[in-house]
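Note: hydrogens, waters and symmetry copies are ignored here, and every other heavy atom, side chains too, is used. Both ligands and their constituent atoms are indexed starting at 1 by order of listing.
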Amino acid sequence: MKESIPLVDLSKAILQPLKDPVFANANITVDVLRLDQIHPVISGNKWFKLKYSLIKVRDEGLDGIITQGGAYSNHLLATAFACHGPGLKCIGLIRGEEPKVLSPTLLDLQQLGMQLEFINREEYRQKDQLKFSWTQKHSNLLWVEEGGQGKLGVLGSEEILDLVNTSEFSHILCAVGTGTMLAGIINGSKENQKVVGITVLKISDPKNNDIEAFLQKHTNKKNYEIKYEFHEGGYAKINSSLLQFMNDIYSRSCVPTDFVYTGKLMKAVYELVITDYFQAGTRVLVIHSGGLQGNRSLEPGSLVF
Ligand SMILES: *Cc1c(COP(=O)(O)O)cnc(C)c1O
């Protein structure tokens, strides 16, 4: 998708050292890979997860993409944006009835030319049926799973670690929703690096769950660990200590985070350092996966940035 690539600026994905006495005292360095900076709106990792779907649309001569998500979905916004540039058709199946007032994200989607189709929650839950009926109706569109999950998403995420020289880091940390980005990062990592995924969903069985099953299927490496205890109450749950933490870290380091993914990730980094998870001398790389637009669902004034 040559036409659409200039819309994001990968040279802005810099490494930012995170200075804090907590890290210095433990003799640990922490650097943040700022994927959030590649575009003011489009979410960092979602761009990578979509790349090969866009290439498939082009190579197979399809008309565009059909996909699904919630009213604040980073994935839907990234998809609408990516289709808008090259003039591809794009349909978004939105979870829930059409609201009286559209969320800022839904308004953006509309403006970017995405056709919004509101699906009630019961129908939305019948994933296979939903996919079947909509792909039958639109065989000229590529079906992309919710959140950009799947093989092509993993393939694109494998390129994240290529952006900067990451070979000197011993640990790489990222937030985990579906595990697609995590699988790509594991595949792109070196054997002597450890990849640590921080789940943002509340998962009851750490051995047997969708993320582990996804990783079994999409990576051959074992140099990873998933941490399940940093979900802060569950997916997209808001709590004041998390918001306070996000404000603090922004004030100290100018790193903006979102309350669904990267806020929990950064909080986990601090807690892991404080509880001596890392040995002295460890060099930690944190992947800032973007997603800041989701903060628009918060009460105005909740955040200082
Ligand atoms: C979607 C998203 C994730 C989760 O990615 P998965 O590949 O689904 O695990 C992490 N961070 C941000 C900012 C996201 O938008």
Donor-acceptor contact below 3.5 Å, side chain Lys264 vs main chain Glu232: no
Amino acids in close contact with ligand 1, where any non-hydrogen atom sits under 4.0 angstrom away: Ser43, Asn45, Lys46, Lys49, Asn74, Val176, Gly177, Thr178, Gly179, Thr180, Met181, Tyr261, Ser289, Gly290, Gly291
Enumerate, atom names and distances included, each donor-acceptor pair closer than 3.5 Å involving a side-chain atom of residues 172-190, sequence neighbours excluded.
unit_1	atom_1	unit_2	atom_2	d
Thr178	OG1	Thr180	N	3.2
Thr178	OG1	Thr180	OG1	2.8
Asn187	OD1	Thr219	OG1	2.7
Asn187	ND2	Glu158	OE2	2.9
Asn187	ND2	Ala183	O	3.4
Asn187	ND2	His218	O	3.1
Ser189	OG	Ile186	O	2.7
Ser189	OG	Asn223	ND2	3.0

Tabulate below the donor-acceptor pairs under 3.5 Å that side-chain atoms of residues 65-72 make, not counting sequence neighbours, or state none.
unit_1	atom_1	unit_2	atom_2	d
Thr67	OG1	His75	NE2	2.8
Thr67	OG1	Val144	O	2.7

Donor-acceptor pair, side chain of His288 and main chain of Val32, under 3.5 angstrom: no
By side chain to side chain contact (heavy atoms under 4.5 Å, CB included) - contacts of Thr29 (at least two apart): Asp31, Arg283
Any donor-acceptor pair under 3.5 Å from Asn295 side chain to Thr257 backbone: yes
